[in-house]
Amino acid sequence: MFEHLHALPADPILNLMVQYRQDNNPLKVDLGVGVYKDEQGHTAIMQAVTAAETHLLATETTKTYIGPAGAEGFNYHISRLLLGNEHSALKDKRITVAQTPGGCGALRMAAEFLAKCAPDTTVWVSDPTWANHIPLLKGARLNVTEYPYYDGATKAIRFDAMCSTLESANAGDVVLLHGCCHNPCGADLSTDQWDIIAELLVRKGLIPFVDIAYQGLGDGLDEDAYGVRLLADKAPEMLIASSCSKNFGLYRERTGSVMIIAPNQQQAAVTASNLFSIIRSHYSMPPAHGAAIVETILSNTELTKSWGDELAVMRNRILQLRHQLANDIAATGCTQDFSFIPQQKGMFSFLGINKDQVGRLRDEYSIYMVDSSRINIAGLSSHNLNYVAQSLSNVLKG
Ligand code: PLP
Ligand code: TYF
């Protein structure tokens with residue numbers, strides 16, 4: 001039976017990691033996969049994470065199963081980190097939270113939940129969106145369609161086109177929004193734009209589905225949650241997928257959460273039973289370790305402060321690199337304008353160069369990025385900024 005299968009291409013983003021490792025050029029630069037790196041190009045374990053792990057190792061007494069919802073303490077703290085301690089959805093007990101294997105696990109469980117509610121649900125995703133959104137949604141047999149989002153020519157959000165397209169969506173359609181630090185384009189909605197989108201979604205009966213994988217890496221933990229908190233307050237029904245991969249640096253520990261907000265407490269209980277049933281039929285229950293780390297940090301004032309401070313260092317480093325890259329490119333005499341880079345948020349921006357130019361940067365200069373010209377800003381450092389700026393300038397000269 002296996003002979004009916006065809007070989008499939010590898011994940012283009014993860015495949016860049018393999019290509020980069022095989023490159024022997026000492027000047028090589030990895031701007032591919034979205035992981036945070038420090039000045040030395042190292043993805044270090046955060047100090048609060050190490051402290052929490054040390055504590056867990058000394059105090060953990062069992063490895064017995066946790067249920068499909070995962071750890072209650074993690075769910076309590078992560079929902080408050082995201083929504084704030086006093087949010088109405090928490091007070092009104094309208095929310096179901098489940099710990100998941102990463103943000104991907106959350107996205108997929110949310111998608112399966114939607115498919116169970118209505119099998120022919122349409123999900124609107126931004127053009128462009130994170131490449132993994134499509135298989136995660138389509139894997140749950142949902143219909144996926146796009147709303148306009150980023151304009152490669154102006155480097156800005158096509159906000160009017162986004163709104164007019166969403167005006168044409170049908171009640172009950174789901175709209176997937178990036179909570180902050182849009183992957184891949186780095187262009188985020190302003191607070192005014194979130195207000196307009198929230199009004200539109202509620203008025204049209206569209207269901208918000210917010211994917212937030214970079215809370216704290218844009219403007220700050222609370223600032224980055226503006227949109228998700230607003231929608232959770234205004235919309236009767238909503239889905240949220242959150243990830244601890246980037247802001248806790250827990251990538252391989254697969255730590256995230258899915259939250260589903262129902263119109264009232266009674267409906268929330270029905271929602272919870274369905275979500276947990278879906279989780280049971282997929283992986284039964286999530287891995288414990290990463291969530292135990294997050295719970296340990298967020299339930300301890302000192303560790304929370306240490307984590308928040310380290311996250312601020314990461315956020316500020318990214319912002320500084322954005323400014324330096326734009327300045328360094330301008331200093332090469334390059335006539336193309338890159339002043340949009342410091343205006344954008346989070347780990348990613350498009351350079352806005354074509355696939356051949358991306359190929360030349362890879363083949364001639366060993367600078368690796370996704371074919372779309374998306375770069376991971378955190379892959380830059382004082383060791384490679386000049387080299388990247390000069391190589392880009394050379395390639396743009398033709
Ligand atoms: N959503 C977006 C937009 C992402 O960029 C990522 C990847 O980091 C995720 C979700 C989920 O990542 P993970 O499954 O590693 O938590
Ligand atoms: O977009 C990125 O680079 C990150 C990491 O299958 C990632 O979100 C990439 C591909 C993938 C899982 C995570």
Side-chain angles (χ1 to χ4, degrees), residues 8-20 30-37 43 49 70 74 78 81-82 98-111 123 125-139 144 149-150 175-189 209-218 224 227-228 239-259 282-283 286-287 289-291 293-294 314 318 344-350 368-379:
L8 297 174
D11 178 320
I13 303 179
L14 298 180
N15 208 33
L16 279 175
M17 283 168 87
V18 180
Q19 286 178 278
Y20 174 80
D30 178 12
L31 306 179
V33 66
V35 295
Y36 179 80
K37 293 178 195 184
T43 306
V49 167
F74 169 83
I78 204 69
L81 181 71
L82 195 66
Q99 173 199 329
T100 54
C104 288
L107 285 161
R108 183 55 184 265
M109 290 306 99
V123 183
V125 301
S126 61
D127 171 24
T129 196
W130 185 41
N132 261 14
H133 278 154
I134 316 287
L136 285 165
L137 296 168
K138 287 196 173 165
V144 178
Y149 189 76
Y150 184 69
V175 180
L176 181 62
L177 297 151
H178 294 234
C180 64
C181 306
H182 190 283
N183 181 4
C185 74
D188 282 352
L189 296 173
F209 180 1
V210 174
D211 178 14
I212 180 155
Y214 300 90
Q215 188 188 3
L217 287 165
D224 293 348
V228 74
L239 301 98
I240 305 167
S242 98
S243 167
C244 302
S245 296
K246 316 289 154 113
N247 55 5
F248 286 86
L250 285 172
Y251 311 89
R252 64 173 65 171
E253 299 295 353
R254 312 308 299 130
T255 310
S257 68
V258 62
M259 300 181 210
H282 281 81
Y283 53 82
H289 188 63
I293 293 169
V294 172
M314 293 158 68
I318 290 173
Q344 298 178 342
K345 301 280 161 65
M347 291 183 44
F348 307 109
S349 281
F350 286 128
Y368 289 78
M369 68 191 69
V370 185
D371 277 348
S372 61
S373 86
R374 186 198 81 167
I375 57 167
N376 171 19
I377 301 283

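For ligands, and for the atoms within them, numbers begin at 1 and follow the listed sequence. Since the structure is predicted, the reported quantities are computational estimates derived from the model, not experimental observations.
The N/O atoms of Arg254, backbone and side chain alike, include one that comes under 3.5 Å of an N/O atom in ligand 1. Any N or O atom pair closer than 3.5 Å counts here, and Cys244 shares no such pair with ligand 1. Considering backbone and side-chain N/O atoms, Thr255 never comes within less than 3.5 Å of an N/O atom of ligand 1. Taking any N or O of His178, backbone or side chain, none lies under 3.5 Å from an N or O belonging to ligand 1.
Phe348 is not listed as a side-chain neighbour of Leu31, based on a closest heavy-atom distance of 4.5 Å or more. Side-chain contact check for Ser349 versus Cys185: every heavy-atom pair is 4.5 Å or farther apart.
In this structure, the separation between SG on Cys180 and CG on Leu217 is 7.5 Å, given to the nearest 0.5 Å.
Across the listed options Pro101, Cys104, Gly105, Cys104 owns the non-hydrogen atom lying nearest to atom 11 (C) of ligand 1.
Judged by the 6.0 Å and 45° rule, Arg374 forms no cation-pi pair with Phe350.
Using a cut-off of 4.0 Å between Lys/Arg side-chain N and Asp/Glu carboxylate O, Asp30 and Lys37 are scored as salt-bridged.
Exactly one residue among Ile212, Ile78, Leu239 makes a side-chain contact (heavy atoms from CB on, under 4.5 Å) with Met259. That residue is Ile78.
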Atom pairs, nitrogen or oxygen, ligand 2 to protein, under 3.5 angstrom:
from     : atom 1 : to     : atom 2 : distance (Å)
ligand 2 : 1 (O)  : Trp130 : NE1    : 2.8
ligand 2 : 1 (O)  : Asn183 : ND2    : 3.0
ligand 2 : 1 (O)  : Arg374 : NH1    : 2.8
ligand 2 : 3 (O)  : Gly34  : N      : 2.7
ligand 2 : 3 (O)  : Arg374 : NH2    : 2.8
ligand 2 : 6 (O)  : Asp11  : OD2    : 2.6
ligand 2 : 6 (O)  : Asn132 : ND2    : 2.9
ligand 2 : 8 (O)  : Trp130 : NE1    : 3.4
ligand 2 : 8 (O)  : Lys246 : NZ     : 3.4

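Of the N and O atoms on the side chains of His178 and Thr129, at least one donor lies less than 3.5 Å from an acceptor on the other residue.
Proximity of Tyr251 to ligand 1, defined as any heavy-atom pair under 4.0 Å, is not found for any part of the residue.
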